[in-house]
Each structure stands twice: as C-alpha cells, then as structure tokens.
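Note that the structure is a prediction, hence the values are computed from the model and not measured. Naming convention: chains lettered A, B, ... in sequence-line order (proteins, then strands); numbering from 1 in each chain. Basis for what follows: all heavy atoms, side chains included, without hydrogens, waters or symmetry-related copies.
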2 protein chains.
Amino acid sequence: MVAALAQVSRVAVSRAFNPHASLKADKRERILRVARELNYTPDRAARALVSGRTHLIGVIVPDVYSYWESQEIDALTTALQNEGFATLLFKTRTDYSMDEQLLAYMRGFNPDSVIAFVENVKPVTLTRFLDRAVPIYVDYPMAGAPAEPEHGPLYDRLNILQHSGIDQAVALLQGYGARRIAYLSGHGKSRASAAREATLRQVLEERGFQPPILAPGDFGYETAYQATIDLFRVRGGADGVFAANDVSAFGALDALRHELGLRVPGDVKVVGFDDIAQSHWKSYNLTTVKFDLHERVRALVRLILRRLNDPQAESLVETLDTRLVVRGTVG
Amino acid sequence: MVAALAQVSRVAVSRAFNPHASLKADKRERILRVARELNYTPDRAARALVSGRTHLIGVIVPDVYSYWESQEIDALTTALQNEGFATLLFKTRTDYSMDEQLLAYMRGFNPDSVIAFVENVKPVTLTRFLDRAVPIYVDYPMAGAPAEPEHGPLYDRLNILQHSGIDQAVALLQGYGARRIAYLSGHGKSRASAAREATLRQVLEERGFQPPILAPGDFGYETAYQATIDLFRVRGGADGVFAANDVSAFGALDALRHELGLRVPGDVKVVGFDDIAQSHWKSYNLTTVKFDLHERVRALVRLILRRLNDPQAESLVETLDTRLVVRGTVG
DNA sequence: TTGTAAGCGTTATCAC
DNA sequence: GTGATAACGCTTACAA
C-alpha cells in the first residue's frame, strides 16, 4: 500500500482492486501495473476487518483421506478458488464426535460459510458457534420424513435423494435372480448409512423381497472384509450384497473372492455407493450408485454464493438425484 | 468484545486470552467464563492485522484426491490444528504448472507458512510471491547432487532420502532371482520420479544389474495399466517392475494379472512406492517403499514452528529416510 | 472522478 | 496488575 502511494492516493489503490468502484480507466490500469511490479496484493485480513468477509470457507470432515471426502474437497477447492474463496480445512475426531472445542476454534477464523460433511453435527450446534456464517448441511432425506420445523436455526441444505439409484440397483439384482439381499452398513451413527438402509428396505418391499440381512460395517475396508466373512461363514450368506459405500464394497469383494472362494458376480452380486475413482479399476470394476461429483460441487457453490448475496434469505435447499452405474460385479 | 466490556476493560479481555500477559487469575477466569457464555472468540483477522500472524498455513497440491497427498493433508491438518493453525488449501493445475496467478491469489491470504508438494515450483518463484512467509519445499536429493548455492532465496526443506528403501527392494528382487528390472516412471516433470529413477539406476549398477528398462507413466492408474501392457507386449517385458508410486503399481498389477495373464509374484515381481493405505488390501497386498507419514508430518510441523520462532534463521533442513515394507508382490 | 476522515477488532506501548 | 491510546491495512461514507 505504502509503496503504491508513490504514484497516487491510497484510496485509489483500494478502488483499483474493486471493479465496482469508479476510477478512470487509465489510472486503474497504471495502479494495477505498479502493483504487479511491486508484487502487491491487498491484505485479506485487513479487508476482512472492515468488510466482514474473510473469503474463507470452512470445510469440516472426519477424514480427508477417505476417497469420497478427498474427491469432494478437491473439486470444491477448485471451484471455490475460481470464485475467489479458499478452503479452510478442519478435522473432527475419527469417532465423528464434533466437539465444541473444534467449533470454537473454527469460529476464530470467521469463515464466510461452513460446509459440514460430518453427519452427526446438529445444525443447531453449528449455528450456535457461527454468528455470521450460515452453515450448509449435507443431508439424505428419507421418503416419508417429517417436514422441517417452522422456526429452527437457519441453515442451508444439500439434499441427496437416494431412491432412484437404489431402485435401479435392486431392479438389476432382481433381473439376475438374486433373492437374499444383505446390507453392509456404514458407521453406526451415520445418517447416510441409515438413510441408505431405510431406502433399501423400502425398495425391497416394493419389489417383493424379504427385508435385507444386516451386516455391520463402518465405511472402511477392513471392517467390511471381516463383516462379509462373518456373514457368509456364520449367518448363511446372501446372493446380493449392497454396501454402504464403495470402499466397503471393495472389502466385501476381496473377502468373497480371496477368503471365501466365491465368484463375483457368479455366486454373489455386489453393489457399492459413491462411484469413486477406483471403482472402475480392473480388480474391482464395481457396479455402484453414483451422485455426480461436479453437480454436487456446483450445487454447494450456488448455495454459498446465494447465501452471501442475501444473508437473511429463507433456508436454501438444493436437491440432487442418484443413478446406477453398471459395471462388472452384478451380472 | 463489546459484550465482554460489560464486565471489564477491552485490554483485559485481550490479556485473558493471552497466557503470557499478566492478569489476576480470578479476573482472567471471570472473563473467560463470560466469553464462553457469550460464545466469544477473538477475531483472528483483527489479531492478524496487528500481530502479523494469520495462523494460516498454505498447502499447495496438484490433486487433493491423490491418495498420497490426501493422507498427507489429513495428518498435517490434524497436527496443525493442535498447534493452533489451520490448513488453507490451494490447487494447482493438473499439468503441474504453478501459475503466478495462483501465487498472487494465495499471497492475499498472507499465510504464515507455505508447504509446496508440487514438485516443479521453483523456490525462487515461491519466495518472490511471499513477503513474510518462508516456504517449505519437499525435496528428493540425489546422492551426488551439487551443494546448495550460497545465497539463493531463503526456504526450508524436507529432504527425503530414497536410497535405503530402494536398495532394500532391489536386494529382495535379486534374492528372488529377478534379472530384468523395469522402472514405471511418474509424471515426466516430477523430481520425485526422476530421483527415484536415478537412485534405482545407481543401486542396480552397484548390485551388478543392467540399467532399468523405462516405461513412461504419470503416477496414475490408467497410464500405468497401458504402459505395462506396452512393456510386455511390445518391448519384451521384465521380471521385476519398480513403480514410481503405489497407484502405478496397482495399475501394473492389474494389467499383468487381468490383461496379460501373468502371475505376480510368480512370473513378475512388483514393488511400489509410498505405502498408502490400500497397499495392504488383499487384491493388491503390495510390497512397497515407505517413508513414514507421521514422521514426515512431525518434521514439517517442526520446520514451521522453528521458522516462525526465528524468521531470520538460516535455511532449516529436516531429513527423512525410507525403508521397504515386504508384502505379497515379491516372492 | 477523486480525496479526507472514520472505523473495523485486536494488541503493543506506555503510563499509572 | 491495569487502563488509555495508537497503530495494523484496508474500505466506505461523505464531501469536494
């Protein structure tokens, strides 16, 4: 700033960096040129102090390295970068417990918006720790779920509808003659997993199946591997396994093929959920339910921008659908 | 702040949050209690303006979703969080071109430190865009590399020594009778891959092997898959494949087993590099060269803290060694 | 179109 | 041990 003073007044510099401010074109140009030479960029901290906008978007995740989250963070960071924001990462405990300490900590950075992927953070808790930002909550509503309470805390949502994809998957399993369907669940507290299970249960009933056999997992490879062995060795097995996510499906596949000596899809059919990048790797080549990553990120960015544009707006909701990607583990 | 004023002066509040400041114990306690009730946290933007510390650590990566990077980011975020910092994520283009636009953009956020994983960003470029922060550069020095220039730009380094791990791998391959060793390289411009290749070449010579056959990859699964097919169908194959990273090794494994009908480790032995989480999944069960994630993160955090403690210090360097993890793809 | 002045929330300095 | 005051770098009235 001081440096640029050599040429013009300090406010002129501020205006030069703000496209809306009125400033003679040649003057702006001159200032920007000098700024580039001097390697000057307006300090966002100072800017934040007066404008109330930090251009920081908090993202709360339990595990960055989960394939699902990491792909989401990657795409989101790119998209936010293009809009002039930066991704500020926060990690919860692996037990999904969103402690108040973390939220208080995050508060200090004063993010413009917060996206919570972690599934057990209640909107009310998040809202309590954010005076300015309106959190975005990724949710998996169920068909017959109750409507929103009239005057809860303000938050925006990205609703993921799972019925279409799961119905397509079950139809396919049915087409290939599967009768006994198992559900390899995710983490016990996970809303995503609970919603998937409920939707699966509903779809199975609609199509005349018995309810799913439940195998407890935690979204991870190892647990899925063990749960599958238990399911087949002790509990009579199944001819179709629906996993709560792709990584669980990999664990199930490896257990079936390498430990139990069963053929997939010959003896058992397997369906995953997410369509992460390695689902098409040859060793797995997984049939899975997908919701498009880039659509999802676009929806999140839309929510953020709309909210910043009108902080007082009513709850904003974006809705996304799912569909089945057919590969080699059902057939 | 204003709110807390109801009880005492504003400076007292500031002091209450700074453990070093002198303040009567009971007064501090009272202030902190009120702050908690009012859900108050000092604003970091304002704090940054006067202290010059943003508590933001910039991390520049080409792909968050690469397994290697994502695991690093995850561990780093946790460690930084414990020290009171937050991870600010920036993405370069996938072609690894670190454009000045991104650096200028990052500058505005004024991070306290910057970690560049991307391998082709020259320290001098990074330094030019950072007035305050001293960047940390992750490097893979080679045995006979020239010493540092006397008065280059100031930056700190994390040096990864690859010789031990690669030597152990080659010794193992030798023990099982491998003769023709191929190197499945990473991205063309990558220093990591170049260093691995040079080290492998050196180790092979030391142990009386021919130089490695080169197969061009890009650290990705697909390219490795194709390169392996090309290597075996057109170029006479090999009986030992050393891949630039684990993901490439997965691609090679799948090509060997599912496309070329070869047995691993019976016909061909495969070694990876990184030891990412899925390397022990049953479908791969990869023998690989590892450098410990948590050691690495601790080293990075040490570098950051030492530098912030003494911004004028000479270049700081941490050195880390590698070792072989033996699993099922060599034997 | 441009400049002047006030103020954003915090901490450092210097009194007391 | 405590409080007043200035300062950090920027934006946004308001006035010219």
Exercise for review: In whole angstrom, give the distance that lies between atom CG of N110(A) and atom C1' of dC8(C).
Suggested key: 12 Å

Check your understanding: Which part of the nucleic acid, if any, lies within contact of R44(B), taking any heavy atom under 4.0 Å across all strands shown: a base, the sugar-phosphate backbone alone, or nothing?
Key -> nothing

Revision key, fill the gap. Assign each of V11(B) and A46(B) the nucleotide of DNA chain C bearing its closest heavy atom; nearer the 5' end lies the nucleotide of A46(B)

Practice item. Could you tell me the separation between the CZ atom of R10(B) and the C1' atom of dG9(C), rounded to a whole number of Å? Key: 7 Å

Exercise for review: Would you kindly give the CZ-to-P distance between F17(B) and dG9(C), to the nearest whole Å?
Suggested key: 15 Å

Point to revise | Length of the line joining I31(A):CD1 and dT1(C):C1', which is rounded to integer Å | key: 12 Å

Review point. Does E29(A) come within less than 4.0 Å of R33(A), counting only side-chain N to carboxylate O?
Key: no

Revision key, fill the gap. Comparing nearest nucleotides in DNA chain D, the 5'-proximal residue of the pair S22(B), A45(A) is S22(B)

Study note, to complete from the structure: The answer to which of V8(B) and V50(B) contacts DNA chain D further toward the 5' end, by nearest nucleotide, is V8(B)

Check your understanding: Does OP1 or OP2 of dC10(D) have a side-chain N or O of S14(A) closer than 4.0 Å?
Key -> no

Exercise for review: Decide yes or no for L320(A) and N159(A): does some side-chain heavy atom of the first lie under 4.5 Å from some side-chain heavy atom of the second?
Suggested key: no

Check your understanding: In whole Å, what is the span from the CZ atom of R47(B) to the C1' atom of dC8(C)?
Key -> 16 Å

Exercise for review: Tell me which nucleotide among dT2(C), dT12(D), dG9(C) gets nearest to the side chain of K24(A).
Suggested key: dT2(C)

Practice item. Give a yes or no on whether a donor-acceptor pair under 3.5 Å exists between the nucleobase atoms of dG3(C), that is its base, and the side chain of R15(A). Key: yes

Practice item. Provide, to the nearest angstrom, the distance between the NE2 atom belonging to H20(B) and the P atom belonging to dA12(C). Key: 10 Å

Review point. Taking atom types as modelled, is there a side-chain donor on S70(A) or S70(B) under 3.5 Å from an acceptor on the other?
Key: no

Practice item. Answer yes or no: does a side-chain N or O of S51(B) lie under 4.0 Å from OP1 or OP2 of dT11(C)? Key: no

**Study point:** Electrostatic pair R132(A):D112(A) at N-O distance under 4.0 angstrom
**Key:** yes

Check your understanding: Once you round it to whole Å, what is the distance between C1' of dA12(C) and CG of N18(B)?
Key -> 11 Å

**Study point:** Phosphate-side-chain proximity, K27(A) and dT2(C), N/O vs OP1/OP2 below 4.0 Å
**Key:** yes

Check your understanding: When the aromatic ring centroids of H55(A) and F85(A) are compared, is their separation below 6.0 Å?
Key -> yes

Check your understanding: Roughly, in whole Å, what's the span from CG in D43(A) to P in dC10(D)?
Key -> 6 Å

Check your understanding: How would you label the contact of Y40(A) with the nucleic acid (heavy atoms, under 4.0 Å): base, sugar-phosphate, or nothing?
Key -> sugar-phosphate

